[in-house]
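Below is one structure, written out as structure tokens; the observations come after it.
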Amino acid sequence: MEKFSVAKVAQILDLSTATIKRWYKWYENPDYTKPPELKLPPYTLDNRKTMLFEQKDIAKLQQFHEDLQGKYKGCMAEFNAYWQWGKYGTKRLEKMRRMEAKDE
């Protein structure tokens, strides 16, 4: 059975490898809640710790990508704010939430 590296999968899906790895970092982190219907396929690691996927997993990753842009948009916001922007992003996200709560 042929396996595809994360780089090849990213190329097929027109994404970056960092994006796919960030999805898994968020998905595997128990500190963040995830919608139960949002699923990522399992992967294997080779001896160099490269993520490998089966052909059938590529469609699942594409569906995950579409779901993140559609019905689950924003579910990674807290993680991304912290991961990409550190404390600054987390503070900005908290400030936005307080402003939204005040408007309601």
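Note that the numbering runs from 1 along the sequence shown for the chain.
- In this structure the side chain of His65 reaches within 4.5 angstrom of the side chain of Trp23, judged on heavy atoms.
- Residues forming a side chain to side chain donor-acceptor pair (under 3.5 Å) with Gln69 (at least two apart in sequence, or on another chain): none.
- Taking NZ of Lys25 as the start and CE of Met76 as the end, the distance is 11.0 Å to the nearest 0.5 Å.
- Side chain of Lys39 to backbone of Glu37: no donor-acceptor contact under 3.5 angstrom is found.
- Take Gln63 and apply the side chain to side chain donor-acceptor pair (under 3.5 Å) test, not counting sequence neighbours, and it matches Asp67.
- Residues passing the side-chain contact (heavy atoms from CB on, under 4.5 Å) test with Thr50, sequence neighbours excluded: Ser5, Asp46, Arg48, Leu52.
- Residues satisfying the salt bridge (Lys or Arg N to Asp or Glu O under 4.0 Å) test with Lys56, not counting sequence neighbours, are Glu54.
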Give the table of side-chain donor-acceptor pairs shorter than 3.5 Å for residues 9-18, with sequence neighbours excluded, one pair per line with atom names and distance.
{"unit_1": "Ser16", "atom_1": "OG", "unit_2": "Thr19", "atom_2": "N", "d": "3.0"}
{"unit_1": "Ser16", "atom_1": "OG", "unit_2": "Thr19", "atom_2": "OG1", "d": "2.9"}

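- Residues Cys75 and Trp26 have side chains in contact (heavy-atom distance under 4.5 Å, counting atoms from C-beta outward).
- Classified by interplanar angle (parallel below 30°, tilted 30° to 60°, perpendicular above 60°), the ring pair Phe53/Tyr43 is tilted.
- In this structure, CZ in Phe64 is found 7.5 Å from OH in Tyr27, a value given to the nearest 0.5 Å.
- Atom CE of residue Met51 and atom OH of residue Tyr24 lie 5.5 Å apart, to the nearest 0.5 angstrom.
- The side chain to side chain donor-acceptor pair (under 3.5 Å) search around Glu2 returns none, not counting sequence neighbours.
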Assess whether side-chain contact (heavy atoms from CB on, under 4.5 Å) is satisfied between Lys60 and Leu40, documenting all intermediate values.
-> CA-CA 7 Å; Lys60 293 176 184 175; Leu40 275 173; over 6 Å; no
